[in-house]
Enquirer: 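Starting off with a structure, shown below.
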Amino acid sequence: MKIALAQLNYHIGNFEDNAQKIIEAIQKAEQQQAELVVFSELAVTGYYPHDLLERKEFIEQAEQTIEKIASACTNIAALVGAPSINTDSDGKQLFNSAFFLKDGQVQAIRHKSLLPTYDIFDEYRHFEPNKQFELIELNGKKLAVTICEDLWDEQPTHNVFGKNKLYTCSPFEELSKLKPDLMINLSASPFSHNQANWRKNVLVNKAIHYQLPIVYVNQIGAQTEIVFDGGSCFLKADGSIPVELAYFQEDFQIIDTDNPKAHTQAQTDYIAKIHEALVLGIRDYFQKSGFKDAVLGLSGGIDSALVCALAVDALGKDHVRGILMPSKYSSDHSVADAVQLAENLGIQYDTVPIQNMVNEFEKQLAPLFENTPSGVAEENIQARTRGTLVMAVSNKFGHILLNTTNKSECAVGYGTLYGDMNGGLAVLGDIYKTDVYKLSHYINREQEIIPINSIQKPPSAELRPDQKDTDSLPDYDILDDILFNYIELNKSPQEIVEKGFEQETVNKIIKMVNQNEYKRFQAPPILRVSSKAFGFGRKMPLVAKYD
């Protein structure tokens with residue numbers, strides 16, 4: 001069978017543009033004599049619409065769009081993801097579905113069985129799980145259709161909650177009993193640099209275990225925090241992958257399942273993938289929000305330098321503006337490094353010294369602060385002055401402010417609310433400091449863009465004389481390892497200590513993580529590139545007693 005894999009970038013709620021993309025791909029597949037074209041999960045609405053699914057007009061638009069797409073399927077069939085209405089009153093009002101379109105009409109609808117409710121996912125909030133399994137026949141072939149999570153279950157059975165009852169289900173197991181010729185999966189599987197191999201291994205194991213070829217179609221693009229990386233593919237029954245589509249970009253390939261021509265992607269390391277994910281995340285956040293220009297504060301440090309370089313990659317140098325805001329604690333080399341970065345990138349930059357403003361704040365607060373030692377409050381006045389200035393530029397010129405806080409700082413609360421934590425998008429909020437260095441070297445792989453001094457000098461907030469990050473934190477190699485074990489691996493303090501870390505250091509770091517949940521709650525959305533990012537994927541109480 002000749003099948004077209006359409007790996008596209010969708011926009012949530014943009015039914016007109018989504019439909020246009022889908023119909024153009026259908027027409028392209030038809031011209032190349034494909035029998036079927038497969039799209040990704042919830043392609044019509046974009047993934048994930050959240051509580052837009054509760055709006056009647058949203059579902060009506062989805063239905064109308066499916067009908068419009070179906071009318072384009074006169075000489076070809078298509079599988080398109082969209083919500084469908086559950087006509088059974090005993091359950092949720094909607095299914096997460098795959099629509100089989102042929103002869104200008106909806107011929108069949110297949111529903112998702114396993115609804116993820118972990119990490120960033122909360123599908124059971126809106127959808128009813130499928131309980132019936134049927135194949136689709138097309139040109140003499142029997143097709144089993146699954147949707148995303150239906151493929152990722154690694155256990156022979158899954159407990160799936162329907163309304164008022166618990167039942168057991170393994171979609172692959174159930175569908176394989178019906179003797180299909182081919183398994184098709186419509187997916188919306190987000191990028192995670194520390195789970196990329198896992199996803200491919202599950203696909204390979206499924207193909208081998210069930211002795212079935214698999215067509216897997218994922219989407220690409222960013223939807224606020226979540227970045228989809230594509231990597232759609234075709235697997236033969238022996239687990240080999242002769243066809244693999246591009247990562248982090250739209251792609252379209254037609255395969256002959258009986259004789260697929262080799263088309264695979266070159267392997268890249270995880271830092272290169274993170275770079276592509278962040279650039280795509282920035283670009284889509286701006287384009288899908290209707291913005292073109294970014295502004296950020298440039299301190300001469302590595303974090304702001306890296307964010308600036310990523311923004312230029314995503315938006316172009318004419319759409320990125322840097323603001324230098326030195327105080328009396330800013331070293332000469334910090335200002336020089338920021339200027340050098342801006343000139344290397346060719347962006348507009350402006351210098352706005354803040355010391356006079358800080359002095360005025362301190363003068364006005366002097367009666368309130370009388371007879372108290374200088375400390376964090378005075379330091380944070382500097383950060384909040386800078387935050388006010390970059391937000392003013394954002395408001396005046398319609399730029400989005402890019403936040404430059406990395407995951408290590410975000411985890412332990414090493415940042416100032418309404419100061420350096422300001423922003424419309426947190427670019428590095430899921431990047432540990434150790435990976436910030438690796439990404440910076442990757443940016444400089446062909447020429448020096450980020451000044452070497454920004455990379456090599458000891459990191460400092462420069463809010464007091466001779467301040468260094470290590471005054472408050474352990475070395476980042478140690479800090480990040482502890483944080484990864486606690487956040488991504490969900491290890492207990494004792495389990496982390498047993499890995500060789502000092503008890504006192506572990507307790508201190510975990511206490512800082514727990515105490516600063518309130519800061520993360522107020523942070524901008526964070527581009528997710530790991531298996532456990534702050535935001536939707538990690539929901540912790542703001543007020544709790546942590547032992």
Enquirer: Is any side-chain heavy atom of Arg199 closer than 4.5 Å to one of Ser189?
Expert: yes
Enquirer: Within the distance-only criterion (no hydrogens, no angle test), does the side chain of Glu517 pair as donor or acceptor with the backbone N or O of Asn514 below 3.5 angstrom?
Expert: no
Enquirer: Short question: side chain of Ser440, backbone of Val436 - any donor-acceptor pair under 3.5 Å?
Expert: yes
Enquirer: Between Asn403 (side chain) and Met421 (backbone), is there a donor-acceptor pair under 3.5 Å?
Expert: yes
Enquirer: Report yes if the distance between the aromatic ring centroids of His111 and Phe133 is under 6.0 Å, otherwise no.
Expert: no
Enquirer: For Cys410 and Ile526, work out which heavy atoms get closest and say how close.
Expert: SG-CD1, 4.3 Å
Enquirer: If the test is side chain to side chain contact (heavy atoms under 4.5 Å, CB included), which one of Ile255, Asn218, Val37 qualifies with Leu5?
Expert: Ile255
Enquirer: Less than 3.5 Å apart, any donor N or O on the side chain of Ser232 or Gln7 sitting next to an acceptor on the other?
Expert: yes
Enquirer: Under the 3.5 angstrom rule, does the side chain of Asn406 hit a backbone N or O of Glu409 as a donor-acceptor pair?
Expert: yes
Enquirer: Does the Lys532 side chain pair with the main chain of Gly537, one donor and one acceptor, at a distance under 3.5 Å?
Expert: yes
Enquirer: Is a donor on one side and an acceptor on the other found under 3.5 Å between the side chain of Asp181 and the backbone of Lys141?
Expert: no
Enquirer: Do we get Lys206 above Phe172's six-membered ring, with its NZ or CZ under 6.0 Å from the centre and within 45° of the axis?
Expert: yes
Enquirer: How about Phe58 and Phe15: are their ring centres within less than 6.0 Å of each other?
Expert: yes
Enquirer: Quick one: are Leu36 and Leu143 in side-chain contact, heavy atoms under 4.5 Å?
Expert: yes
Enquirer: Quickly, which of Asp430, Thr224, Asp119 forms a side chain to side chain donor-acceptor pair (under 3.5 Å) with Arg528? Name it, please.
Expert: Asp119
Enquirer: Any idea which heavy atoms bring Ala188 and Cys148 closest together, and the distance?
Expert: N-SG, 3.6 Å
Enquirer: Is there a side-chain contact between Leu428 and Lys433 in this structure, where contact means two heavy atoms from C-beta onward sitting under 4.5 Å apart?
Expert: no
Enquirer: Do Lys92 and Tyr124 meet the cation-pi criteria used here (NZ or CZ under 6.0 Å from the six-membered ring centre, within 45° of the axis)?
Expert: yes
Enquirer: State whether a side-chain donor-acceptor pair under 3.5 Å links Asp480 with Ser408.
Expert: yes
Enquirer: A cation-pi test, strictly: NZ or CZ of Arg538 under 6.0 Å from the centre of the six-membered ring of Phe534 and no more than 45 degrees from its axis. Yes or no?
Expert: no
Enquirer: Kindly write out the residues that satisfy ring pair (Phe, Tyr, Trp, His ring centres under 6.0 Å) with His11, not counting sequence neighbours, or none if the list is empty.
Expert: none
Enquirer: Is the closest side-chain heavy-atom distance between Val215 and Asn185 below 4.5 Å?
Expert: no
Enquirer: Judged by modelled atom types alone, do Asn194 and Glu488 share a side-chain donor-acceptor pair under 3.5 Å?
Expert: no
Enquirer: What pair of heavy atoms forms the shortest contact from Pro190 to Asp229, and how long is it?
Expert: C-OD1, 4.4 Å
Enquirer: Counting distance only, does the side-chain N/O of Ser40 pair as donor-acceptor with the main-chain N or O of Val217 below 3.5 Å?
Expert: no
Enquirer: Decide if the gap between the ring center of Phe286 and the ring center of His399 is smaller than 6.0 angstrom.
Expert: no
Enquirer: If the condition is side chain to side chain contact (heavy atoms under 4.5 Å, CB included), which residues does Asp313 pass it with, not counting sequence neighbours?
Expert: His275, Val279, Ile443
Enquirer: List the residues meeting side chain to side chain contact (heavy atoms under 4.5 Å, CB included) with Tyr270, not counting sequence neighbours, and say none if there are none.
Expert: His193, Ile274, Asp435, Lys438
Enquirer: For Gln20 and Glu24, does a side-chain donor sit closer than 3.5 Å to a side-chain acceptor?
Expert: yes
Enquirer: Between Glu173 and Tyr210, do the side chains contain a donor N or O and an acceptor N or O under 3.5 Å apart?
Expert: yes
Enquirer: Check Ala237 against Gln211 and note the closest heavy-atom contact, atom names and distance.
Expert: O-NE2, 3.3 Å
Enquirer: Below 4.0 angstrom, N of the basic side chain to O of the carboxylate: do Glu244 and Lys200 qualify?
Expert: yes
Enquirer: Side-chain contact, heavy-atom cut-off 4.5 Å: Asp303 with Val307?
Expert: no
Enquirer: Output yes when a side-chain donor or acceptor of Arg520 lies under 3.5 Å from a complementary backbone atom of Ala411, and no otherwise.
Expert: yes
Enquirer: Mind checking whether Phe248 and Phe191 have ring centres under 6.0 Å apart?
Expert: yes
Enquirer: Under 3.5 Å, is there a donor-acceptor pair linking the side chains of Asn130 and Lys112?
Expert: no
Enquirer: Ignoring hydrogens and geometry beyond distance, is a side-chain donor-acceptor pair present between Asp481 and Asn485 at under 3.5 Å?
Expert: yes
Enquirer: Cut-off 3.5 Å, side chains only: do Asn9 and Gln219 have a donor facing an acceptor?
Expert: no
Enquirer: Does the ring center of Trp152 lie less than 6.0 Å from the ring center of Tyr118?
Expert: no
Enquirer: Within the distance-only criterion (no hydrogens, no angle test), does the side chain of Gln223 pair as donor or acceptor with the backbone N or O of Tyr10 below 3.5 angstrom?
Expert: yes
